[in-house]
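When reading the values below, keep in mind they use all heavy atoms of this one structure, side chains included, and skip hydrogens, waters and symmetry mates. Residue numbers begin at 1 in each chain, while the letters A, B, ... track the order of the sequences.
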There are 2 protein chains.
Amino acid sequence: MTDLLQERDAWSMANCSVARTLEIAGTRTALLIMREAFLGTRRFDDFAKRVGIGEPAASARLKELTAAGLLERVPYQEPGQRTRYAYQLTEKGRDFLPVLTALRQWGDTWATDEQGPPLVVRHRDCGAAVHAVLRCDDGHDVRLRESYVDAGPGLIRVGPDAPEPDGA
Amino acid sequence: MTDLLQERDAWSMANCSVARTLEIAGTRTALLIMREAFLGTRRFDDFAKRVGIGEPAASARLKELTAAGLLERVPYQEPGQRTRYAYQLTEKGRDFLPVLTALRQWGDTWATDEQGPPLVVRHRDCGAAVHAVLRCDDGHDVRLRESYVDAGPGLIRVGPDAPEPDGA
DNA sequence: CCGCTGACTTCTGCAATCATAAGTCAGCTC
DNA sequence: GAGCTGACTTATGATTGCAGAAGTCAGCGG
């Protein structure tokens, strides 16, 4: 463990990846819409009904997530019906699955009633339950408290010994 | 893949683990405070300053997270100072790390500027970067689109063939 | 070319969230 | 026991988020 945390006040969180992710999809309704998308929902009315939100909220969130590239609007046509549009996950959106898995897993562990979790996600090949786990690039499992924080290339230092503190 | 998703409207999301997690820590400020806690912040003023939020918001969020059991208020005393209280992660709070790791990772991948991510989390033993990955109980890596949704013990069915639809 | 339907959008108003600034409080130092 | 300091709490007002209801719109069927 380095002493990077000792100088915590010396770096800015302006470009924090967690904060940026939350800017894009950090509201309750946006995350629930992403959950629904992973559960196979594709149509506007179904999103609103199944997430349990009003149409204005569904509209705003779907528009934002589409603009951010997590969802895409694709035309489809049922026989004898006019062309309609569905919202489906892009690669960028599908890559969001670990976030939802981690959220679901935490809720399964710490916020479930006696009956247990309502849903179980299983591996297609073997049927075993899927979990989000932490692993390092060397292939080791990383348990809680077995990690430390290091400076990355995008770290912005501020304060006394910083190059040029432009912003706060 | 079962046809569970076909009957999507037949089950309620009242006890959805994702939704429950978001009820507890689903706001932007709560998640950022949890991030700060993992970065080692423990004191009230530091939380407010480093997260970049006002004191009322910090106060409310810390109170909620403490009440929910993710943080605990512990007394400490610096020499020559009166007793003060610090907020530190409980086991329940530490178990939240996969959520933040997944959020950070998505931001690192999809929302970083040219300079790259500001922080890198490394494995204490080997120094390699830590990631959130999906794995099944049989030990297989689960890639995107290699999972399906199954009914869990807590699934609540509603509608025509449901036992007794009490709520909406 | 008219009515119907699913997919939105707009309107209205309420409730929650948040920052700024000012006020309170406890208890160690002196 | 008065002052000081960190840790909050309490106004106040702006902003955002949200629901419900009503309105718009496009295009297929008839």
Query raised in the report: Taking protein heavy atoms under 4.0 Å as touching, what does nucleotides 13-24 of chain C look like 5' to 3' if B marks base contact, S marks sugar-phosphate-only contact and - marks none?
Result: -----SSBBB--

Donor-acceptor pairs under 3.5 angstrom involving side-chain atoms of residues 51-63 of chain A: please list them, not counting sequence neighbours.
{"from": "R61(A)", "atom 1": "NE", "to": "T29(A)", "atom 2": "OG1", "distance (Å)": "3.2"}
{"from": "R61(A)", "atom 1": "NH1", "to": "E64(A)", "atom 2": "OE1", "distance (Å)": "3.0"}
{"from": "R61(A)", "atom 1": "NH1", "to": "E64(A)", "atom 2": "OE2", "distance (Å)": "2.7"}

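Atom CG in D46(A) sits about 11 Å away from atom P in dC8(C), given to the nearest Å. Rounding to whole angstrom units, CZ of residue R42(B) and P of dA7(D) are separated by 12 Å. In this structure, L31(A) places its CG atom 11 Å from P of dC18(D), rounding to the nearest Å.
For F96(B), the ring-ring contact (aromatic ring centres under 6.0 Å, His included) partners at least two apart in sequence or on another chain are W106(A). Every side chain to side chain donor-acceptor pair (under 3.5 Å) that D95(A) has, sequence neighbours left out, goes to W110(B). Annotation: ring-ring contact (aromatic ring centres under 6.0 Å, His included) contacts of H123(A) (sequence neighbours excluded): H140(B). Listed by chain and residue number, E146(B) satisfy the side chain to side chain donor-acceptor pair (under 3.5 Å) test with R143(B) (two or more places apart in sequence, or in another chain). For D138(A), the side chain to side chain donor-acceptor pair (under 3.5 Å) test picks out no residue, with sequence neighbours left out.
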Tabulated below should be each protein N or O lying under 3.5 Å from an N or O of nucleotides 3-6 of chain D; please produce it.
{"from": "dG6(D)", "atom 1": "O4'", "to": "R84(B)", "atom 2": "NH2", "distance (Å)": "3.2"}
{"from": "dG6(D)", "atom 1": "N2", "to": "R82(B)", "atom 2": "NH1", "distance (Å)": "3.4"}

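The salt bridge (charged side-chain N to carboxylate O under 4.0 Å, His left out) contacts involving residues 68-77 of chain B comprise nothing, where partners must be two or more places apart or lie in separate chains.
For dC8(D), the OP1/OP2 oxygens have no side-chain nitrogen or oxygen of S59(B) closer than 4.0 Å. In this model, the phosphate group of dC8(C) is approached by a side-chain N or O of R73(A) to a distance below 4.0 Å at OP1 or OP2. In this structure, Y85(A) does not reach the dG27(D) phosphate: none of its side-chain N or O atoms is under 4.0 Å from OP1 or OP2. At dT9(C), one or more side-chain N or O atoms of K63(A) fall inside 4.0 Å of OP1 or OP2 (strictly under the cut-off).
Within 4.0 Å of Y87(A), counting heavy atoms only, lie sugar-phosphate atoms of the nucleic acid but no base atom.
You'll find the side chain of L71(A) reaches within 4.5 Å of the side chain of L89(A), heavy atoms only. Between I24(B) and K92(B), every side-chain heavy-atom pair lies at or beyond the 4.5 Å cut-off.
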